[in-house]
Amino acid sequence: MTGDVGLTDMPACDVVDLLNRGEVTPLDCLDALEARTAIVDVAVNALPILCFDRASDQARLLMQRPLGSRGRLAGLPVPIKDLTDVAGVRTTYGSTIFADHVPEKSDILVETIEAEGGVIYAKSNTPEFGAGANTFNDVFGATLNPWNTKLSAAGSSGGAAVALATGMAWVAQGSDLGGSLRNPASFCGVVGLRPSPGRVASNPGAKIDRLLSVKGPMGRTVEDTALLLDAMTGENPADPLSLPRTESFLAAARSGWRPARVAFSADLGITPVDPEVASICRAAAARFGEIGTFVEEAHPDLSEAHDTFQVMRGLAFAASYAGLLESHADKMKPEVVWNIEKGLSYSMADLVRAENNRAVMFRRMNAFFDTYDLLLCPATIVAAYPVGERYVKECNGYTFSNYVEWLAIAYAITLTTSPALSLPCGFTSDGRPVGLQIVGRGRAEGRVLAAARALELVLDLGPITPIDPRSPG
């Protein structure tokens with residue numbers, strides 16, 4: 001195998017330390033990634049858009065600054081999900097409508113990452129407009145799970161998760177509405193963190209007061225994920241929801257904080273779960289007891305989640321894509337068309353009911369954290385499924401009514417505005433990764449990261465490396 005495999009296998013935090021000491025350069029990192037991507041991505045299709053020339057120019061400019069003054073990432077390369085604009089780089093949103101689109105201006109988030117010394121070198125694959133938890137589209141095709149290339153990488157940040165798992169990225173940016181940072185992290189054996197709304201500033205889009213969709217970090221370890229979150233945060237007047245930077249999340253992850261009392265629920269009372277996945281997650285949650293944490297089974301009442309999420313998701317799709325439906329319906333996948341039309345069909349009474357119910361769910365969740373430091377549950381209800389299946393249609397004898405209902409264990413948390421992290425916690429009997437979802441009180445990302453790091457050390461799964469993706473799974 002060619003390329004500096006040793007460098008690409010290192011944790012992101014270690015690479016940043018090398019960059020800050022001048023022992024490697026940003027150009028060295030780009031060379032290592034370019035070599036790695038050339039031999040690996042042909043088998044998994046995670047990074048369909050590459051911009052190494054732009055990245056090299058960016059790296060050279062950064063290297064003109066003294067060591068120690070190049071930002072939190074110090075020249076670390078970062079791939080950006082193909083839903084997020086990067087100036088001068090092809091950005092398709094996974095849609096044939098935008099197959100040749102090249103934005104003139106980057107998203108706020110990209111500008112923030114670059115200001116912190118992140119070097120953008122690729123766009124990661126995503127489903128059309130991020131819709132659905134299986135990463136495939138008519139522009140680039142499907143992204144394949146590196147643990148078994150016959151399986152789905154989940155989505156919609158599937159390309160980001162696979163790039164991490166295969167050594168084509170040290171950290172990666174993603175986004176999450178119904179689990180899009182958490183689902184692929186679970187399927188691919190990496191870490192994905194959905195931050196609280198406003199924690200990461202980004203372009204507001206059609207819904208300026210959005211609370212469902214957020215952008216966030218992914219990494220191979222908890223510390224690496226916290227490192228990227230630090231480089232993504234900060235208040236920006238162009239995003240009215242954005243929050244000021246108040247702490248270092250990497251420092252929080254390393255703080256040694258331990259939860260006193262946590263709750264575990266296999267299903268949050270709202271969804272079927274594969275019995276093996278539930279068992280793996282329950283066993284992982286129980287190991288918090290080894291660090292002195294009291295663990296018991298409980299969950300807040302989230303019974304309104306299904307109706308509330310469908311209405312609010314429909315509204316978001318209608319606001320964002322109704323205009324495209326009128327002129328390009330023939331170029332949209334049926335699930336996107338269904339979601340837009342569903343959104344357009346809702347009445348004011350539907351919207352009022354959904355908003356009221358979401359407020360009730362938020363208050364219940366907030367009260368729940370008066371008793372428990374954290375809520376634990378599976379990040380996904382199944383392990384990776386065949387990539388040719390568009391979505392999970394059935395679980396444990398229950399048939400789902402639509403293409404997103406199987407994501408309830410993630411989207412119920414979305415509705416409460418709580419930060420949530422998917423941590424690798426074990427494997428099924430046939431070797432598929434499983435993620436434990438760690439949920440905290442709103443804006444408590446620091447505690448979520450600290451607890452996840454503590455459990456990561458207890459579980460001690462070792463280097464989580466998938467099969468060689470160049471060989472069929």
Side-chain angles (χ1 to χ4, degrees), residues 4 7-8 10-34 36-37 47 50-81 84-89 105-124 160 163-164 167-174 193 195 199-202 215-221 223-236 242 244-254 449:
D4 191 346
L7 186 59
T8 60
M10 290 177 65
C13 289
D14 290 354
V15 176
V16 169
D17 287 343
L18 294 176
L19 287 163
N20 277 322
R21 293 196 300 266
E23 295 179 28
V24 300
T25 71
L27 290 172
D28 293 332
C29 293
L30 289 172
D31 288 344
L33 289 177
E34 189 166 17
R36 180 69 175 162
T37 301
L47 301 176
L50 302 175
C51 53
F52 280 105
D53 287 345
R54 179 187 187 277
S56 295
D57 291 342
Q58 199 178 8
R60 290 188 183 94
L61 286 173
L62 191 65
M63 290 165 63
Q64 294 176 12
R65 292 159 57 180
L67 291 175
S69 63
R70 297 175 181 176
R72 294 170 186 265
L73 297 180
L76 188 75
V78 182
I80 299 296
K81 186 174 177 179
T84 301
D85 287 352
V86 177
V89 178
K105 183 172 175 56
S106 292
D107 188 275
I108 294 167
L109 172 58
V110 173
E111 294 176 345
T112 301
I113 291 173
E114 290 180 334
E116 288 289 352
V119 177
I120 311 306
Y121 68 99
K123 303 298 295 294
S124 59
L164 285 166
M168 294 187 290
W170 286 286
V171 292
Q173 176 265 333
L193 172 65
R199 182 66 70 196
V200 174
S202 63
K215 293 179 170 67
M218 304 180 82
R220 291 191 290 237
T221 69
E223 287 188 350
D224 288 354
T225 305
L227 169 74
L228 183 56
L229 182 60
D230 276 345
M232 300 172 101
T233 58
E235 192 171 17
N236 189 303
S242 62
R245 178 183 288 140
T246 56
E247 63 179 310
S248 165
F249 293 108
L250 180 55
R254 293 171 169 171
L449 287 160

Derivation and outcome, side chain to side chain contact (heavy atoms under 4.5 Å, CB included), residues M232 and R199: CA-CA 8 Å; M232 300 172 101; R199 182 66 70 196; over 6 Å; no

Cationic N near anionic O, under 4.0 Å, D57 to R54: no

Backbone of L33 reached by a side-chain donor or acceptor of T8 within 3.5 Å: no

Donor-acceptor contact below 3.5 Å, side chain W170 vs main chain L7: yes

Rounded distance [0.5 Å steps], CG in L27 versus CZ in R60: 5.5 Å

From I113 atom CD1 to Q173 atom CD, the distance as rounded to the nearest 0.5 Å: 6.0 Å

Closest heavy-atom pair and its distance - T225, G219: OG1-N, 3.2 Å

Gap separating the CG atom of L67 from the OG1 atom of T25, nearest 0.5 angstrom: 10.5 Å

Side chain to side chain contact (heavy atoms under 4.5 Å, CB included) between L449 and L229, intermediate numbers included: CA-CA 11 Å; L449 287 160; L229 182 60; 4.2 Å; yes

Spatial distance of atom CD1 (I108) from atom CG (N236) [nearest 0.5 Å]: 4.5 Å

Distance in Å, E116 CD paired with T233 OG1, rounded so as to fall on 0.5 Å steps: 7.5 Å

For S56, the option from D31, V119, L30 that meets side chain to side chain contact (heavy atoms under 4.5 Å, CB included): L30

For the student: nearest non-hydrogen atoms of A201 and S242, plus distance: CB-CB, 3.7 Å

Nearest non-hydrogen partners of A12 and L76, listed with the distance: CB-CD2, 4.1 Å

Closest non-hydrogen atom pair, G118 against V78: CA-CG2, 4.3 Å

K123 side chain to C51 backbone, donor-acceptor under 3.5 Å: no

Donor-acceptor side-chain pairing of S202 and D107 below 3.5 angstrom: no

Backbone of P79 reached by a side-chain donor or acceptor of S124 within 3.5 Å: no

Minimum heavy-atom distance M168-R36, with the two atoms named: CG-CG, 4.1 Å

Test log, rule side chain to side chain contact (heavy atoms under 4.5 Å, CB included), inputs L227 and E223: CA-CA 6 Å; L227 169 74; E223 287 188 350; over 6 Å; no

Beyond-backbone contact of L73 with L19, side-chain heavy atoms, under 4.5 angstrom: no

L228 CG to L250 CG distance, which is reported to the nearest 0.5 Å: 11.0 Å

Non-hydrogen atoms of K215 and P195 that approach each other most closely: O-CG, 3.5 Å

Check: L164 main-chain N/O paired with R220 side-chain donor or acceptor under 3.5 Å: yes

